[in-house]
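Here's the structure we're looking at; comments come further down.
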Amino acid sequence: FLDDVTENTALSKLNTFCTKTKVRFNEKWETHSKKRCKLTYKSCLREVSATEIGDNKKEAKRKAAAMLLGALKNSMK
């Protein structure tokens with residue numbers, strides 16, 4: 001399920017993963033010259049965060065979701 005994640009599929013896969021594990025992810029935004037998105041997944045088993053920068057919110061959130069899914073996959077090995 002966490003294989004073959006692209007920026008375009010990352011948000012839907014993250015939402016599905018969170019629904020299956022019954023945990024919500026949190027998002028935090030910062031604005032500098034570009035948008036910075038920090039996504040955090042926190043459960044009783046693990047806490048994983050990913051931060052990415054994009055030209056707009058949509059791009060930053062997609063990149064952060066892809067990075068967060070990669071980090072979650074690595075944390076389950």
Side-chain angles (χ1 to χ4, degrees):
F1 171 74
L2 295 177
D3 295 327
D4 302 321
V5 174
T6 65
E7 278 187 30
N8 292 332
T9 62
L11 276 176
S12 64
K13 287 191 175 202
L14 181 60
N15 284 324
T16 301
F17 182 79
C18 288
T19 300
K20 286 183 177 185
T21 58
K22 299 178 183 174
V23 176
R24 294 179 53 177
F25 68 89
N26 296 315
E27 60 184 80
K28 184 177 178 184
W29 291 95
E30 294 179 11
T31 303
H32 299 287
S33 59
K34 294 187 175 190
K35 303 290 184 189
R36 180 181 299 192
C37 178
K38 179 179 182 181
L39 298 180
T40 304
Y41 175 92
K42 184 177 179 181
S43 70
C44 59
L45 298 175
R46 64 188 52 88
E47 182 173 350
V48 182
S49 295
T51 304
E52 280 291 333
I53 296 172
D55 291 328
N56 54 54
K57 281 188 168 186
K58 189 175 188 179
E59 179 185 354
K61 190 171 182 179
R62 283 181 176 174
K63 287 180 177 181
M67 182 178 273
L68 183 61
L69 285 171
L72 283 167
K73 182 180 175 182
N74 289 337
S75 74
M76 288 186 239
K77 289 183 177 179

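- Between atom NZ of residue Lys35 and atom CG of residue Asp55 there is a gap of 11.0 Å, rounded to the nearest 0.5 Å.
- Around CZ of Arg24, the count of heavy atoms belonging to other residues, nucleotides or ligands within 6.0 Å does not exceed 12.
- Note on Val48: it clusters hydrophobically with Val5, by side-chain heavy-atom contacts below 4.5 Å among ILVMFWY residues.
- Checked against Glu59 for a side chain to side chain contact (heavy atoms under 4.5 Å, CB included), the options Arg62, Lys63, Lys57, Lys61 give a single hit: Lys63.
- The shortest non-hydrogen separation linking Cys37 to Ala64 is O-CB, 3.9 Å.
- There is no path of hydrophobic side-chain contacts, each under 4.5 Å, that joins Tyr41 to Leu11.
- In this structure, CG in Asp4 is found 8.0 Å from OG1 in Thr9, a value given to the nearest 0.5 Å.
- Judged purely by atom type and a 3.5 angstrom limit, Thr19 uses its side chain to pair as donor or acceptor with the backbone of Asn15.
- Not counting sequence neighbours, Phe25 has no partner by the ring-ring contact (aromatic ring centres under 6.0 Å, His included) test.
- With hydrogens and angles ignored, the 3.5 Å screen pairs no side-chain donor or acceptor of Lys13 with any backbone N or O of Ala65.
- Here the SG-CG distance, from Cys18 to Leu39, works out to 9.0 Å after rounding to the nearest 0.5 Å.
- One distance of note links CZ of Arg36 with CD of Glu52; it measures 10.0 Å at 0.5 Å rounding.
- For CG of Asn74, the number of neighbouring non-hydrogen atoms (other residues, nucleotides, ligands) closer than 6.0 Å is greater than 12.
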